[in-house]
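Data first, discussion second: the structure below is written as structure tokens.
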Protein chains: 2
Amino acid sequence: MREALIEAAARIVATEGRAGLTLRRLAGEVGTSTMAIYTHFGSMEELRRNVRRQGFARLGANLAAVEETRDPMADLALLGAAYYLSATSDPNLYRAMFFDGPVDEEDVGTGLDTFMYLVEGMSRCVEAGRLPKAGTADPAELALEVWALTHGLVSLQLAHLLAPAQAVEHLQSGARCLFLAWGDDPRRLKRSRQRAMARLAELSIDDRQAPSALLFSSQTP
Amino acid sequence: MREALIEAAARIVATEGRAGLTLRRLAGEVGTSTMAIYTHFGSMEELRRNVRRQGFARLGANLAAVEETRDPMADLALLGAAYYLSATSDPNLYRAMFFDGPVDEEDVGTGLDTFMYLVEGMSRCVEAGRLPKAGTADPAELALEVWALTHGLVSLQLAHLLAPAQAVEHLQSGARCLFLAWGDDPRRLKRSRQRAMARLAELSIDDRQAPSALLFSSQTP
DNA sequence: ACTATGTCATAGCAATGTTATGGATTACGA
DNA sequence: TCGTAATCCATAACATTGCTATGACATAGT
């Protein structure tokens, strides 16, 4: 029952946004009564919290699905692509995950858990010697910077202040600036980017195959 | 009456968040009836739209208050500081501006209007020859990248996924990466940063003087 | 067999956004 | 100065929201 409620709630949020998720609406959708939600969650806010958690779980699964190869920089680019595709293919769910607050320590924990996938990918780049000028900086600090850039671009796109084409363009150019500043070689970086592009089709976003090109349409207002 | 309603609504949103702004609550706050809101705005969503617009107006005023000196790079750093301070000193209003949707073309216009202050500052840096490696890139594209970084860090801080100290640290280091990649000289960049730090006290955020240091506390959950 | 516990259906409550109606005030032209 | 139109807002009602009280039913444990 709990699982059915959470999945139905996530589906409603995904299709109609936060405002569409209503107590009686959800109860009717799964064919039960309003009390069922309260015996399992205690409040509507706790239900929303579980929807957020499911969103982070999906995002984490999509990031965990990118394979680790001998080119960690290409792997990192694919992590970024998986993050961007996960966020933009389900805008309402991403909005719920980050902008629906209030957030408590539990939410922060699940958020930082999925961030660890990016830290791991960045760490492999540092160990491979691709970022010599980064010095002794913690890989988590480097990962945080590309996370902030990605999250910022995604947020601006979801606010309709940025077209998808611009978002992916600046995601690539902005990340390139960071990597060059951290000392990666421009030619090696270009090769890694090409390898990442060639591997785009192996991405799986929410158990569906990712589009072979990073540019696509489909945006709910 | 319209102005009083908008100001009271913005104050309620600032102090208690979006959920605190209620029809009857606002009517009681300004000593009128619920119908007053409907004759002036027509719907609660239109009222919220005007609150967002006021938020962007305040942000724009704070950015416009930054003086233009002979060091455009320092001016740009101050623009970034003004943006960060405006956002974090009124988290609920910033959340309302970007994350409260739905957004229509009018909202997009007001958002891009305030963005133009950053584009202007970036344009002055390009004209001064501080970013030679940026080539023929449109200053708006460069400004967009630092905007995305700033907005991303602010958003992560407002989601409690980032402490304020981390946010300002990565705001500086991330922007430094971008400027270095665009060809600014590390020593000139350092001097501009020092000049910007020395001018922090001249910032005015919402008609109050900014703190002399970029690091401060005060965060509503 | 009897209790205990977890689960959900029914019904109701306060609060929400919205609308209908009408009274009060003001604007303005004859 | 009067009459008419329009603007603004107070009162009251409506449907819908999240939430709670109460009790029926089923399953499990001793």
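Every heavy atom of this structure was used, including side-chain atoms; hydrogens, water molecules and symmetry mates were not. The chains referred to below are lettered A, B, ... by the order of the sequence lines, with proteins before strands, and numbering in each begins at 1. Bear in mind the structure is a predicted one, so any value in this text is a computation, not a measurement.
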B/F56 vs B/F115, ring-ring contact (aromatic ring centres under 6.0 Å, His included): CA-CA, chis, key distance, verdict:
CA-CA 10 Å; B/F56 277 108; B/F115 172 55; over 10 Å; no

Can you tell me the distance, in whole Å, between the [atom1] atom of [X] and the [atom2] atom of [N]?
X	N	atom1	atom2	value
B/L47	C/dT16	CG	P	15 Å
A/F41	C/dC8	CZ	C1'	14 Å
B/M44	D/dT17	CE	P	17 Å
B/R24	D/dA12	CZ	P	13 Å
A/L21	D/dC19	CG	C1'	15 Å
B/L5	D/dC9	CG	P	8 Å
B/R2	D/dC8	CZ	P	10 Å
B/L26	C/dA15	CG	P	18 Å

Can a donor-acceptor pair be found between the side chains of A/H151 and A/Y94 at a distance below 3.5 Å?
yes

Residue pair A/T88 / A/Q157, side-chain donor-acceptor N/O under 3.5 Å:
no

Options [options], nucleotide nearest the side-chain atoms of [X]:
X	options	answer
A/M1	D/dT17, C/dC8, C/dT16	C/dC8
B/L23	C/dA11, C/dG17, D/dG18	C/dG17
B/A36	D/dC9, C/dG17, C/dT10	D/dC9
A/H40	C/dG12, D/dT11, C/dC8	C/dC8
B/S43	C/dG17, D/dC19, C/dT18	C/dT18
A/T32	C/dA11, C/dC8, C/dT18	C/dC8
B/M35	C/dA20, C/dG17, C/dC8	C/dA20

Using 0.5 Å steps for rounding, measure from the CH2 atom of A/W147 to the CG atom of A/L142.
15.0 Å

5'-most by nearest nucleotide on DNA chain C - A/G31 or B/Y38
A/G31

Using OP1 and OP2 only, check whether a side-chain N or O of B/T22 sits under 4.0 Å from C/dT16.
yes

B/R52 bridged to B/D107 by N-O distance under 4.0 Å
yes

